Colleague: 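Below are the structure tokens for one structure; questions will follow.
Because the structure is a prediction, the values reported are computed rather than measured.
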Amino acid sequence: MAANNNRSDHDSDENNNNNTRLYNPYQNFEVPTKSQYLYKLPTSPEYLFTEESLKQRRSWGENLTFYTGTAYLGGSVSGATVGIFTGVKNFESGDTTKLKINRILNSSGHTGRTWGNRIGIIGLMYAGIESGVVAAMDRDDVWTSVVAGLGTGAVFRAARGVRSAAVAGALGGLAAGAVVAGKQVVKRYVPI
């Protein structure tokens, strides 16, 4: 009977405030407690300042890990796929099945590592530049992504000369702008 009373109190409190949940620290010890001794814990993150709650953004460390990891994973998978086709092209007449499988594995492993490292470094540079631009400008919009893309392309190809860095920077800025614009279009028109 006590459990039924607690349940009805919990339901009425839940209807009053959807941003909190009741917490009973003694629930596993079978100690009879009244619902007035339960704690109301928030269900969403709490912030010390209101400015922090308005920013819906990852921290620079999370950004760095996310962009680098997804870029490395995507590059490795793409490189391994290209490596499979390269390994199949390099088959010679008279190769045994074991030798064919070995060619495919060696080629896909080598190409996957190479592509993963290159694209992972691009993700690392993009995350670092984007976090720096957001920290310097104190805003996060489409233009910060475009500037980060420009900087990433320019830095990635800087060793090949000024002209190559300028072209790569322009392509990086266009690619970053296209990705951000595509994300906005998907958010607006694709019901998820």
Side-chain angles (χ1 to χ4, degrees), residues 43-45 47 52-91 95 97-161 163-192:
T43 56
S44 62
Y47 297 98
E52 292 175 342
S53 67
L54 298 176
K55 292 184 181 179
Q56 299 293 325
R57 177 165 175 70
R58 292 187 289 265
S59 70
W60 70 270
E62 292 170 339
N63 225 8
L64 197 69
T65 305
F66 175 74
Y67 284 132
T68 305
T70 55
Y72 182 80
L73 180 65
S76 295
V77 169
S78 301
T81 304
V82 169
I84 288 172
F85 290 114
T86 305
V88 169
K89 271 193 218 177
N90 291 335
F91 284 169
D95 282 350
T97 305
K98 187 175 181 179
L99 190 58
K100 289 179 182 179
I101 290 172
N102 191 8
R103 282 187 197 273
I104 290 173
L105 291 176
N106 285 340
S107 179
S108 65
H110 176 72
T111 311
R113 268 192 322 272
T114 304
W115 282 39
N117 287 335
R118 285 183 185 164
I119 297 175
I121 289 298
I122 291 172
L124 179 75
M125 285 190 293
Y126 178 82
I129 293 172
E130 185 188 36
S131 295
V133 170
V134 168
M137 304 303 257
D138 199 30
R139 65 181 176 151
D140 184 22
D141 55 1
V142 176
W143 297 110
T144 57
S145 297
V146 171
V147 169
L150 284 166
T152 301
V155 170
F156 187 69
R157 290 293 183 192
R160 294 192 180 188
R163 184 176 183 186
S164 179
V167 170
L171 290 175
L174 287 173
V179 167
V180 171
K183 182 180 174 184
Q184 296 299 326
V185 167
V186 167
K187 274 185 178 180
R188 185 174 208 170
Y189 295 113
V190 176
I192 294 178

Colleague: Could you check whether any side-chain N or O of Ser76 sits under 3.5 Å from a backbone N or O of Tyr72, counting only pairs where one atom can act as donor and the other as acceptor?
Modeller: yes
Colleague: Could you give the distance from CG (Asn90) to CD1 (Ile104), rounded to the nearest 0.5 Å?
Modeller: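 With rounding to 0.5 Å, CG (Asn90) is 10.0 Å from CD1 (Ile104).
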Colleague: So Tyr126 and Ser145, side-chain contact (heavy atoms from CB on, under 4.5 Å) or not? Walk me through it.
Modeller: CA-CA 9 Å; Tyr126 178 82; Ser145 297; 3.4 Å; yes
Colleague: Can you name the closest pair of heavy atoms from Ser107 and Gly87 and give their distance?
Modeller: OG-N, 3.5 Å
Colleague: Do Asn117 and Ile121 have side chains that approach each other closer than 4.5 Å (heavy atoms only, starting at C-beta)?
Modeller: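 No; the side chains remain at least 4.5 Å from each other.
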Colleague: Can any side-chain N or O of Ser164 pair as donor or acceptor with the backbone N or O of Arg160 at less than 3.5 Å?
Modeller: no
Colleague: So, taking the atom named CG in Leu64 and the one named OG in Ser131, what distance separates them when rounded to the nearest 0.5 Å?
Modeller: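 Output value for this atom pair is 7.0 Å.
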Colleague: Please report the closest heavy-atom contact between Gly149 and Ala176, naming both atoms and the distance.
Modeller: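 For Gly149 and Ala176, the tightest heavy-atom pair comes out as CA-CB, 4.0 Å.
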Colleague: Just how far is it from atom CD of Glu130 to atom CG of Asn63, taken to the nearest 0.5 Å?
Modeller: 5.0 Å
Colleague: Can you tell me how far apart OG1 (Thr111) and CZ (Phe85) are? Round to the nearest 0.5 Å.
Modeller: 12.5 Å
Colleague: To the nearest 0.5 Å, tell me how far Leu105 CG sits from His110 NE2.
Modeller: 14.5 Å
Colleague: To check you understand the geometry: which heavy-atom pair defines the closest contact between Ala158 and Ala165, and what is its length?
Modeller: CA-CB, 3.9 Å
Colleague: Any sub-3.5 Å donor-acceptor pair from Glu62's side-chain atoms to Ser59's backbone N or O?
Modeller: yes
Colleague: If you look at every heavy atom in Gly123 and Tyr67, which pair is closest and at what distance?
Modeller: O-CB, 3.7 Å
Colleague: First locate atom CZ of Arg118, then atom CZ of Phe156, and finally report the distance between them rounded to the nearest 0.5 Å.
Modeller: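 Between Arg118 CZ and Phe156 CZ, I get 7.0 Å after rounding to 0.5 Å.
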Colleague: Donor-acceptor check, side chain of Asp95 to backbone of Phe91, threshold 3.5 angstrom: yes or no?
Modeller: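 Looks like no, no N/O pair under 3.5 Å.
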Colleague: Only one of Thr68, Ile119, Thr65 forms a side-chain contact (heavy atoms from CB on, under 4.5 Å) with Leu124, so which one is it?
Modeller: Thr68
Colleague: Of the options Val147, Asp141, Val142, which is the one that meets Thr144 in a side-chain contact (heavy atoms from CB on, under 4.5 Å)?
Modeller: Asp141
Colleague: What heavy-atom pair brings Gly120 and Ala71 nearest, and what distance separates the two atoms?
Modeller: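 Closest approach of Gly120 to Ala71: CA-CB, 4.0 Å.
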